Number of protein chains: 2
Amino acid sequence: MKLILIDDDQLVVSALKMILEALPDLTVAATANDGSEALRLYKEHRPDVLLMDIRMEKTDGLEAAAQVLSQFPDARILLLTTFSDDEYIIKALRLGAKGYLLKQDYQNIAPAVRAVFSGQTVFGDEITSRIPELMAQAPSGFDYEAHGISERELEVIRLTAEGLSNREIASRLYLSEGTVRNYLSSILDKLELRDRTQLAVFYLRKQGGFL
Amino acid sequence: MKLILIDDDQLVVSALKMILEALPDLTVAATANDGSEALRLYKEHRPDVLLMDIRMEKTDGLEAAAQVLSQFPDARILLLTTFSDDEYIIKALRLGAKGYLLKQDYQNIAPAVRAVFSGQTVFGDEITSRIPELMAQAPSGFDYEAHGISERELEVIRLTAEGLSNREIASRLYLSEGTVRNYLSSILDKLELRDRTQLAVFYLRKQGGFL
DNA sequence: CAAGCCTCATGACAAATGTCATTATCTTCT
DNA sequence: AGAAGATAATGACATTTGTCATGAGGCTTG
């Protein structure tokens, strides 16, 4: 079973490599110290499992995982973390990472690698158990009212983030198209954005991208 | 502890009411048979916990929950389901529902209500355990190549979803602005979308809203 | 080699978008 | 009563965006 290891900390890489290569069925094909290497190495080695730290200096594990998955949707990626970084858990899940576990559990890493290889998804119990709270807290987070956004303006934002045109928004809210343009303009000004697309992106990111 | 019960099926409502009112500390303040009643009843009775079926004829439990939560963000809502409706689980989580469990577990309903009341979040084991797969299946899933989207086009999509203008995309990819416009036009045609904002929304929804 | 893609480019054009100035009504708070 | 703010509208304007026609060069595959 061919692996790639990526971790900021060369010590961790070495330690993991030693632990994993002690097992006859596991081979570490390559290692790196930053997520920016991930895609290149993946392309080159086509590993069975990619083991990667989630927090890294330049390109973090999530972004690297996104890059790899965009080209290899079936990539089996197991993300490691020192201590459960709440913010990352959900993103890792959504991304389609096949596993997420604590580095501390070093005795569990090899079994987890095998499980992921065989198609299973591995999320430590400490992690799955807190998903509900994390999910519930994540989506909110931006206080539009605090930024001087009025109720009506918020409606315009929501519809913009649905991909509607000014004309369509106007007709939905029974306004003139010009008025909608004015609202948009004022919103963009208040949120320091430049156009409706940036607004949609902004809103979806804050909201968590759904509904 | 004051409750409101909402379920499509009057039989279920009656049964639950009987079970719950048998307990001295629980009172069913009101019941209804459709989610459209939820907000009105909530306003009127201010229950400690709102128990609601997730699948209902007119207005489903999710939409009703969203309505209630938008006005009462601290509402404790426990959603019920007959059999784990995969698609609903994630939405319920994101919405901030405090609980989600199977009706079959009728012996667990009362304890769950008490747990939710005391501030806990209650998601049945069968549910939490499958969250990873659900999360992973939802976000990815769109095959751009199958829709005739080329590699270069995908890059344009990604940058568009960052909120960049044509000019900015052009400069990032070392292309002329016109070329970017052409790519955009072809992409919109292939994905049957109308403008860059719809494209950004589409992409973020498929990808899970980050990066 | 020819057909078919992907890449990249131009120019022209219509439509949508965002900005600005200005006006008006209504409510709320002081 | 007056100030402030939200709501709604208009017209004018420059810019951006999306479409279309057209063409060139490159790579791959039958």
Side-chain angles (χ1 to χ4, degrees), chain A residues 39 43-44 67 70-73 142-206, chain B residues 70-71 142-206:
Chain A
L39 185 55
K43 267 185 187 156
E44 196 181 323
Q67 284 171 17
S70 76
Q71 290 201 35
F72 305 94
F142 189 79
D143 191 347
Y144 290 92
E145 278 153 69
H147 281 68
I149 303 292
S150 75
E151 198 48 53
R152 204 60 164 158
E153 285 171 332
L154 233 181
E155 296 185 69
V156 172
I157 294 178
R158 287 199 203 97
L159 295 174
T160 302
E162 296 284 321
L164 302 200
S165 69
N166 288 332
R167 197 192 305 272
E168 288 167 327
I169 294 172
S171 119
R172 285 262 198 117
L173 300 180
Y174 304 104
L175 295 174
S176 83
E177 197 188 320
T179 302
V180 174
R181 275 210 288 268
N182 289 335
Y183 276 128
L184 231 310
S185 190
S186 132
I187 290 163
L188 295 176
D189 186 46
K190 286 172 188 169
L191 298 179
E192 295 178 276
L193 300 170
R194 262 203 340 267
D195 56 50
R196 65 199 304 100
T197 306
Q198 292 195 337
L199 176 61
V201 171
F202 177 85
Y203 179 79
L204 291 179
R205 288 221 210 286
K206 297 295 172 191
Chain B
S70 75
Q71 291 202 33
F142 190 79
D143 192 346
Y144 289 92
E145 278 154 69
H147 281 69
I149 304 290
S150 75
E151 198 48 52
R152 203 62 165 155
E153 286 171 331
L154 233 182
E155 297 186 67
V156 173
I157 294 178
R158 287 198 203 97
L159 295 174
T160 303
E162 296 284 321
L164 302 200
S165 69
N166 288 334
R167 195 193 306 273
E168 288 167 326
I169 294 172
S171 118
R172 284 260 198 119
L173 300 180
Y174 303 104
L175 295 174
S176 84
E177 197 188 319
T179 302
V180 174
R181 274 211 288 269
N182 288 336
Y183 277 128
L184 230 310
S185 189
S186 133
I187 289 162
L188 295 177
D189 185 46
K190 286 172 187 169
L191 297 179
E192 295 177 278
L193 299 169
R194 267 207 332 271
D195 55 51
R196 65 199 306 99
T197 306
Q198 291 195 338
L199 175 61
V201 171
F202 177 85
Y203 179 81
L204 291 179
R205 287 223 209 284
K206 297 294 173 194

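This one's a predicted model, so the numbers in the text were calculated from it and none came from an experiment. The analysis underlying the following values was restricted to heavy atoms, covering all of them including side chains, and did not include hydrogens, waters or symmetry mates. In the text below, chain A, chain B and the rest are named by the order of the sequence lines, each starting its count at 1.
The interatomic distance linking B:Arg194 (CZ) with D:dT19 (P) rounds to 10 Å, in whole Å. Distance A:Arg196 CZ to C:dT17 P: 5 Å, rounded to the nearest Å. Atom CG in A:Leu188 sits roughly 14 Å away from atom C1' in D:dT16 (whole-Å rounding). Atoms CD (B:Gln198) and C1' (D:dG18) sit 13 Å apart, rounded to a whole Å. Following rounding to the nearest Å, B:Leu199 (CG) and D:dT17 (C1') show an atom-to-atom distance of 13 Å. Between the OH atom of A:Tyr174 and the P atom of D:dT7 there is a distance of 18 Å, given to the nearest Å. For the pair B:Ile187 CD1 and D:dC20 C1', the computed distance is 17 Å after rounding to whole Å. Atoms CG (B:Leu191) and P (D:dT19) sit 12 Å apart, rounded to a whole Å.
Candidate nucleotides D:dT19, D:dA12, C:dT10 were compared by shortest atom distance to the side chain of B:Arg181, and D:dT19 ranks first. Comparing C:dT19, C:dA16, D:dG18 by their closest approach to the side chain of A:Arg167 singles out C:dA16. Each of C:dA9, C:dT19, D:dA9 was ranked by its minimum atom distance to the side chain of A:Ser176; first place goes to D:dA9. Minimum atom distance to the side chain of A:Tyr183 is reached by D:dT7, of the listed C:dG18, D:dT7, C:dT17. Candidate nucleotides D:dA8, C:dT10, D:dG18 were compared by shortest atom distance to the side chain of B:Leu184, and D:dG18 ranks first. Side-chain proximity of B:Ser150 to the nucleotides C:dT17, C:dA9, C:dT7 is greatest for C:dT7.
From B:Leu159, atom CG reaches atom CD of B:Glu168 across 9.5 Å, with rounding to the nearest 0.5 Å. Note that the CG atom of B:Leu184 and the OG1 atom of B:Thr160 stand 4.5 Å from one another [nearest 0.5 Å].
Both B:Asp195 and B:Glu177 lie close to DNA chain C; mapped to their nearest nucleotides by heavy-atom distance, the more 5′-ward contact belongs to B:Glu177. Along DNA chain C, the nucleotide closest to B:Glu153 and the one closest to B:Gly178 are compared, and the more 5′ of them pairs with B:Glu153.
When the side-chain nitrogen and oxygen atoms of B:Asn166 are compared with OP1 and OP2 of D:dT17, one or more of them lie within a distance under 4.0 Å. Taking side-chain N and O atoms only, B:Ser165 has no distance below 4.0 Å to OP1 or OP2 of D:dT16.
Using a 4.0 Å cut-off between a side-chain N of Lys or Arg and a carboxylate O of Asp or Glu, B:Arg152 and B:Glu155 qualify as a salt bridge.
Screening B:Leu188, B:Asn166, B:Val156 for a side chain to side chain contact (heavy atoms under 4.5 Å, CB included) involving B:Arg196 leaves a single residue, B:Asn166.
Counting any heavy atom pair closer than 4.0 Å across all strands shown, B:Arg152 reaches sugar-phosphate atoms only and no base atom.
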Working for salt bridge (Lys or Arg N to Asp or Glu O under 4.0 Å), residues B:Glu162 and B:Arg172: CA-CA 12 Å; B:Glu162 296 284 321; B:Arg172 284 260 198 119; over 6 Å; no
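Residue-to-nucleotide contacts include a donor-acceptor pair under 3.5 Å from the side chain of B:Asn182 to the base of D:dC20.
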